[in-house]
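This structure is a prediction, so every number in the text was calculated from the model and none was measured.
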Amino acid sequence: MTEYPPEPWHLAADACISMWRVPIDELPKLPAGAEPLLLDNQAAVFTAWIDYLPSGRLSYHELLSCVAVRGRGLAASITDIWVDSEVSRAGGRELWGIPKELAAFTFTGGRTFTAATSDDWIATAAFTPRLGLPITLPVRFEIAQARNGSPLRTPVEWRSKPRAAAADWSVNPTGPLAYLAGKRPVASAALAATKLRFGSCPR
């Protein structure tokens with residue numbers, strides 16, 4: 001078994017995210033207990049490229065897609081996610097029921113990204129940051145997954161300095177993110193100097 005750190009994971013990162021509107025009948029399957037938030041029969045989907053930096057507990061690259069779901073506050077369910085770390089893959093699956101898979105990544109200049117599995121490419125994206133805020137904003141939310149067949153909610157604390165960005169995405173129309181192919185995100189941002197705590201503290 002691959003050994004991984006106990007929760008919570010304290011991580012440092014730079015990230016680029018996009019928000020999409022996706023009709024409910026095009027959404028990927030959500031885990032048991034996760035109900036999408038809908039507006040005009042559409043859900044909010046968020047995609048993120050994340051560069052976890054060596055100053056955190058683990059260092060690796062990640063591409064994920066998640067759907068905003070109902071919760072006590074902000075909540076999302078991760079439906080598709082890839083990493084280039086066996087440790088992160090094992091920990092994400094076993095601690096929190098996050099369906100991490102392995103992929104190869106190219107991050108260029110912090111703003112251009114590609115991800116591919118051994119079978120085919122997944123997606124590419126290029127971000128151009130624009131206006132930014134001079135302050136660090138904190139956000140708390142939950143990740144809604146299922147572990148061993150039971151619903152599980154995992155707390156996340158995220159602090160970063162956000163900047164609005166333009167994003168140019170290309171998604172493989174026959175790949176796992178095909179439901180986003182041909183669509184354009186409604187908003188994007190670059191998040192620098194990110195600190196996050198993922199998971200519950202020991203009692």
Side-chain angles (χ1 to χ4, degrees), residues 9 11 13 15-50 52 61-83 88-89 91-103 113 115 117 122-125 127 137 139-158 160 162 165 167 169-191 194 196-200:
W9 288 4
L11 303 169
C16 288
I17 67 171
S18 291
M19 174 183 171
W20 315 68
R21 302 296 300 180
V22 177
I24 187 174
D25 59 357
E26 297 180 20
L27 287 177
K29 183 179 179 180
L30 292 171
E35 181 183 352
L37 285 173
L38 298 177
L39 179 63
D40 295 331
N41 215 37
Q42 291 188 319
V45 173
F46 295 87
T47 51
W49 302 88
I50 306 178
Y52 291 104
H61 301 100
E62 183 172 272
L63 168 63
L64 67 84
S65 179
C66 63
V67 179
V69 298
R70 296 185 181 277
R72 290 170 292 183
L74 297 176
S77 182
I78 298 173
T79 58
D80 299 277
I81 181 169
W82 297 268
V83 296
S88 174
R89 179 182 183 274
R93 284 174 168 264
E94 295 173 22
L95 290 172
W96 307 300
I98 298 173
K100 294 186 178 184
E101 299 289 357
L102 295 176
F113 313 94
T117 67
I122 302 168
T124 68
F127 286 75
L137 295 181
V139 179
R140 292 187 178 186
F141 57 95
E142 291 181 330
I143 295 297
Q145 304 300 133
R147 184 180 61 183
N148 299 326
S150 299
L152 177 67
R153 297 274 172 148
T154 298
V156 181
E157 294 185 7
W158 179 295
S160 63
W169 280 80
S170 179
V171 177
N172 187 339
T174 62
L177 296 181
Y179 58 93
L180 299 177
K183 295 181 174 65
R184 295 177 62 87
V186 297
S188 297
L191 307 176
T194 298
L196 66 153
R197 186 180 73 187
F198 202 107
S200 301

Value for OG (S18) from CH2 (W169), rounded to nearest 0.5 Å, stands at 5.5 Å

For a quick test of reading the model, state the closest non-hydrogen atom pair linking A190 to A165 and the distance between them.
N-CB, 4.0 Å

Not counting sequence neighbours, list each pair that qualifies as a salt bridge (charged side-chain N to carboxylate O under 4.0 Å, His left out) and has a residue in residues 20-36.
E26-K183, E35-R70

Compare all side-chain heavy atoms of L180 with those of W20 and state whether any distance is below 4.5 angstrom.
yes

Are Y52 and S88 close enough that some pair of their side-chain heavy atoms sits under 4.5 Å apart?
no

With sequence neighbours excluded, tell me which residues meet side chain to side chain contact (heavy atoms under 4.5 Å, CB included) with P162.
L133, L137, L191

Determine the minimum heavy-atom distance between A15 and I50, stating which atoms define it.
CB-CG1, 4.0 Å

Hey, does S200 have a side-chain heavy atom less than 4.5 Å from the side chain of P155?
yes

Side chain to side chain contact (heavy atoms under 4.5 Å, CB included) with A32: which residues, sequence neighbours excluded?
none

dist L64:CG -> T47:OG1 (nearest 0.5 Å) comes out at 8.0 Å

Restricting to non-hydrogen atoms, name the atom on M19 and the atom on A44 that form the minimum distance, rounded to 0.1 Å.
CE-CB, 3.8 Å

Tell me, do T79 and Y179 make a side-chain contact under 4.5 Å, heavy atoms counted?
yes

Determine whether L102 and T117 make a side-chain contact, defined as any pair of heavy atoms from C-beta on separated by less than 4.5 Å.
no

Considering all heavy atoms of both residues, which atom of S188 and which atom of A167 are nearest to each other, and what is their separation?
OG-CB, 3.2 Å

Do you know the tightest heavy-atom contact between I17 and F127?
O-CE2, 3.5 Å

Value for CZ (R153) from CD1 (I143), rounded to nearest 0.5 Å, stands at 9.5 Å

List for me each residue that meets side chain to side chain contact (heavy atoms under 4.5 Å, CB included) alongside L27, sequence neighbours excluded, and say none if there are none.
V22, I24, P36, A43, V45, V67

Are the side chains of V156 and W96 in contact, using a 4.5 Å heavy-atom criterion?
no

Please output the side-chain donor-acceptor pairs of residues 144-152 that fall under 3.5 Å, not counting sequence neighbours, one pair per line with the distance.
unit_1: Q145; atom_1: OE1; unit_2: I78; atom_2: N; d: 2.7
unit_1: Q145; atom_1: NE2; unit_2: I78; atom_2: O; d: 3.2
unit_1: R147; atom_1: NH1; unit_2: L95; atom_2: O; d: 2.5

Please list, chain by chain and in numerical order, all residues satisfying side chain to side chain contact (heavy atoms under 4.5 Å, CB included) with A115, sequence neighbours excluded.
W49, L63, F105, I122

I'd like to know if the side chain of R89 and the backbone of V83 have a donor-acceptor N/O pair within less than 3.5 Å.
no

